[in-house]
Amino acid sequence: MSFQNAYLNSVMDDLRARYAHEPEYLQAVEEFLEPLSPVIDSDPRYEQQNIVGRMAEPERLICFPVSWVDDQGKTRLNHGFRVQHSSALGPYKGGLRFHPSVNQSVMKFLAFEQTFKDCLTTLPMGGGKGGSDFDPKGKSDGEVMRFCQAFMNELYRHIGENTDVPAGDIGVGCREIGYLFGRYKKLKNQWTGAITGKSLASGGSLTRTEATGFGLCYFGAAYLADHGQSFQGKKVIISGSGNVATYANQKCTEMGATVVAMSDSNGYVVDENGIDFRIIQQIKEQKRERISTYPNYVPTAKYVEGCAGIWSVPCDIAMPCATQNEIDTDSAKLLVSNGCKAVFEGSNMPCTPEAIQAIKASGLLYSPSKASNAGGVAVSGLEMSQNSERLYWTFEAVDAKLKEIMENIYRQCADTAAKYGQEGDIQAGANIVSFLKVADAMLWQGVY
Ligand code: NDP
């Protein structure tokens with residue numbers, strides 16, 4: 001891909017040459033820069049102060065080995081990361097991912113995206129991300145605890161309530177956050193809100209568990225309403241069956257939709273009567289089973305092996321909520337030919353660039369993840385506020401604030417797209433508005 005603006009091309013060429021072995025990171029930067037040419041043309045300071053080149057690179061990249069002892073007494077080695085991408089708007093903020101696919105490229109793409117997502121919430125947060133190639137699946141609670149403690153033995157020195165505030169992501173749920181927070185507190189001898197996603201008893205926020213999935217639906221509802229539509233009566237498919245997917249199911253079902261298919265990395269379940277999020281929750285959160293067991297609880301459901309097949313299920317709305325690049329061109333074309341009218345992204349960067357092109361060219365509504373999945377970090381920001389105040393807000397208060405933030409993100413993206421001559425292009429609006437905010441802060445703070 002090349003851009004109209006020569007400076008953007010030179011930045012991208014430099015990154016491609018330097019980081020040729022980091023495809024996810026390059027993909028995220030390229031996607032972000034695509035609509036920016038007219039914005040860069042409008043102010044010579046962006047090029048003069050190399051704002052885009054500086055914005056693309058993480059401010060700090062921390063890599064460390066994590067040694068821990070398994071239940072057989074054998075010492076195991078994993079690799080830990082924390083990417084502190086941008087502090088232009090506040091302390092670094094972003095989740096931790098534990099999954100075998102974690103590497104430097106995945107961490108850098110997630111931290112880059114996080115910076116602009118956090119900015120869209122309008123809360124004072126910079127962007128970061130971290131994690132490890134450790135796989136919690138199939139490990140005992142004791143093994144997960146020892147791994148989390150070993151991970152925190154290094155991470156604690158880099159984080160803090162005013163420095164860098166991690167949270168959960170794939171493979172890091174309430175159990176892992178508990179072990180991480182416990183070790184952090186012990187090492188620092190301080191009780192501070194340096195991690196979000198905590199349990200309620202330990203300073204967590206009501207609605208944080210539901211926030212990303214609920215937020216996705218609040219965003220989707222605002223987008224649909226702008227086009228005279230709603231979730232009422234719509235058939236929805238949701239990939240994944242983890243935190244984001246489960247609560248997206250709950251909220252869009254409450255809004256009148258029927259979720260006809262959900263998946264995990266092995267396969268998917270289909271049921272025209274609707275997939276019950278409470279059973280998914282029981283299978284995945286409590287029993288830690290595979291989604292293949294769902295038909296044992298609901299006999300009308302059918303399990304199909306192979307997760308990519310979910311995109312062949314006819315639907316009105318698709319909400320990918322599993323992982324990056326889960327919708328490729330073929331899957332996007334299948335969605336279009338089966339009559340899908342909207343794709344709202346819940347997972348980070350779930351569509352390949354070619355898939356996005358196919359979706360937009362066919363006139364579907366399309367929301368990029370940095371806008372539509374910002375609900376999780378928004379409520380993490382609210383958890384930080386509650387911790388600073390030493391107060392707890394009610395579920396209703398946090399949920400109402402989340403809804404307001406998501407509707408505001410939609411409005412900002414739609415209005416900015418229109419202002420820059422790209423009416424209706426929420427992807428362009430999200431990238432332009434978040435670029436402008438981070439760039440303005442960088443210009444104001446000088447060359448730091
Ligand atoms: P969870 O670990 O709770 O669930 C992840 C789900 O995705 C599981 O069903 C998992 O299946 C599936 N999955 C993971 N990797 C793959 C893969 N390579 N191929 C197919 N399926 C896969 O994670 P979350 O729900 O928290 O996160 C899901 C997505 O949402 C991620 O992209 C994350 O970055 C993003 N996100 C999460 C936020 C949050 O608050 N949690 C906030 C914003 C974004 P299996 O069990 O088989 O691995």
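Ligands are counted one by one from 1 in listed order, and the atoms in each one are counted from 1 as well. Side-chain atoms are counted along with the backbone in the values below, which use heavy atoms only and exclude waters and symmetry mates. Sequence positions, counted from 1, serve as the residue numbers for this chain.
- Counted by atom type alone, Tyr19 and Glu57 present one or more donor-acceptor pairs between their side chains at under 3.5 Å.
- Comparing Gly94, Ala378, Gly242 against atom 4 (O) of ligand 1, the shortest heavy-atom distance belongs to Gly242.
- At least one cation-pi condition fails for Lys137 and Phe98: the charged atom is not both under 6.0 angstrom from the six-membered ring centre and inside a 45 degree cone around its axis.
- Less than 4.0 angstrom separates some heavy atom of Gly346 from each of these atoms of ligand 1: 30 (O), 35 (C), 44 (C).
- Atom 10 (C) of ligand 1 has Ser265 N, 4.5 Å as its closest protein atom, hydrogens excluded (heavy atom only).
- Residues Trp68 and Phe151 place their aromatic rings such that the two centres sit no closer than 6.0 Å.
- Contact between Glu326 and ligand 1 is absent, with no heavy atom of the residue lying under 4.0 Å from the ligand.
- Heavy-atom distances between Gly168 and ligand 1 stay at or above 4.0 Å for every pair.
- Residues Ala332 and Ala358 come closest through the heavy atom pair CB-CB, 4.2 Å.
- With a 4.0 Å heavy-atom cut-off, ligand 1 is reached by the backbone of Cys321 but not by any atom from C-beta on.
- The nearest protein atom to atom 27 (O) of ligand 1, hydrogens excluded, is given as Ile170 CG1, 3.6 Å; this is a heavy-atom distance.
- Of the protein's non-hydrogen atoms, the one nearest atom 44 (C) of ligand 1 is Asn373 ND2, 3.4 Å.
- Put simply, CD on Gln386 and NZ on Lys198 are 9.5 Å apart, with the number rounded to the nearest 0.5 Å.
- Nearest heavy atoms, Ile159 versus Lys188: O-NZ, 4.1 Å.
- For the pair Met349 and ligand 1, no heavy-atom separation below 4.0 Å is found.
- Atom 37 (C) of ligand 1 lies below 4.0 Å from at least one non-hydrogen atom of the protein.
- Cation-pi geometry between Lys251 and Phe214 is met: the NZ or CZ atom falls under 6.0 Å from the ring centre, inside 45° of the normal.
- Ranking the protein heavy atoms by distance from atom 18 (N) of ligand 1 puts Thr323 CG2, 3.6 Å first.
- The minimum heavy-atom distance between Pro58 and Val83, with the atom names listed, is CB-CG1, 3.6 Å.
- Atom 2 (O) of ligand 1 has Gly171 N, 3.0 Å as its closest protein atom, hydrogens excluded (heavy atom only).
- Of the candidates Asp169, Thr212, Leu110, Val377, it is Thr212 that places a heavy atom closest to atom 39 (C) of ligand 1.
- Residues Asn325 and Glu24 bring no donor and acceptor atom of their side chains to less than 3.5 Å of each other.
- Ligand 1 lies nowhere less than 4.0 angstrom from a heavy atom belonging to Ser101.
- A donor and an acceptor atom, one from each side chain of Gln114 and Tyr92, are nowhere located under 3.5 Å apart.
- When all heavy atoms of Glu326 and Ser239 are compared, the pair lying nearest together is OE1-OG, 2.7 Å.
- Once rounded to the nearest 0.5 Å, the distance linking OG of Ser241 with CD of Gln281 reads 12.0 Å.
- Protein heavy atom at the shortest distance from atom 35 (C) of ligand 1 is Asn348 ND2, 3.7 Å.
- If you check which protein heavy atom lies closest to atom 9 (O) of ligand 1, you get Ser241 N, 2.9 Å.
- Close placement of the Phe344 and Tyr223 rings is indicated, their centers lying within 6.0 Å of each other.
- Near Arg97, with a cut-off below 4.0 Å to any heavy atom, the atoms of ligand 1 are 31 (C), 32 (O), 33 (C), 34 (O).
- Distances from ligand 1 to the non-hydrogen atoms of Gly173 include no value under 4.0 Å.
- Those atoms of ligand 1 that come under 4.0 Å of a heavy atom in Gly240, given as number and element, are 9 (O).
- With sequence neighbours excluded, the residues satisfying ring pair (Phe, Tyr, Trp, His ring centres under 6.0 Å) with Phe32 are Phe112, Phe116.
- Heavy-atom proximity to Ser347, at under 4.0 Å, picks out these atoms of ligand 1: 29 (C), 30 (O), 32 (O), 35 (C).
- Taking every heavy atom of Lys284 and a limit of under 4.0 angstrom, the matching atoms of ligand 1 come to 46 (O).
- Ala318 approaches Leu335 most closely through the heavy-atom pair CB-CD2, 3.9 Å.
- The N/O atoms of Asp264, backbone and side chain alike, include none that comes under 3.5 Å of an N/O atom in ligand 1.
- Of the listed residues (Cys307, Ala322, Ser372), the one carrying the non-hydrogen atom nearest atom 28 (C) of ligand 1 is Ala322.
- Looking at atom 15 (N) of ligand 1, its nearest protein heavy atom turns out to be His99 NE2, 3.5 Å.
- Contacts of Arg208 with ligand 1, taken as heavy-atom pairs under 4.0 Å, involve the side chain alone.
- Not close to ligand 1: Gln324, with no non-hydrogen atom less than 4.0 angstrom away.
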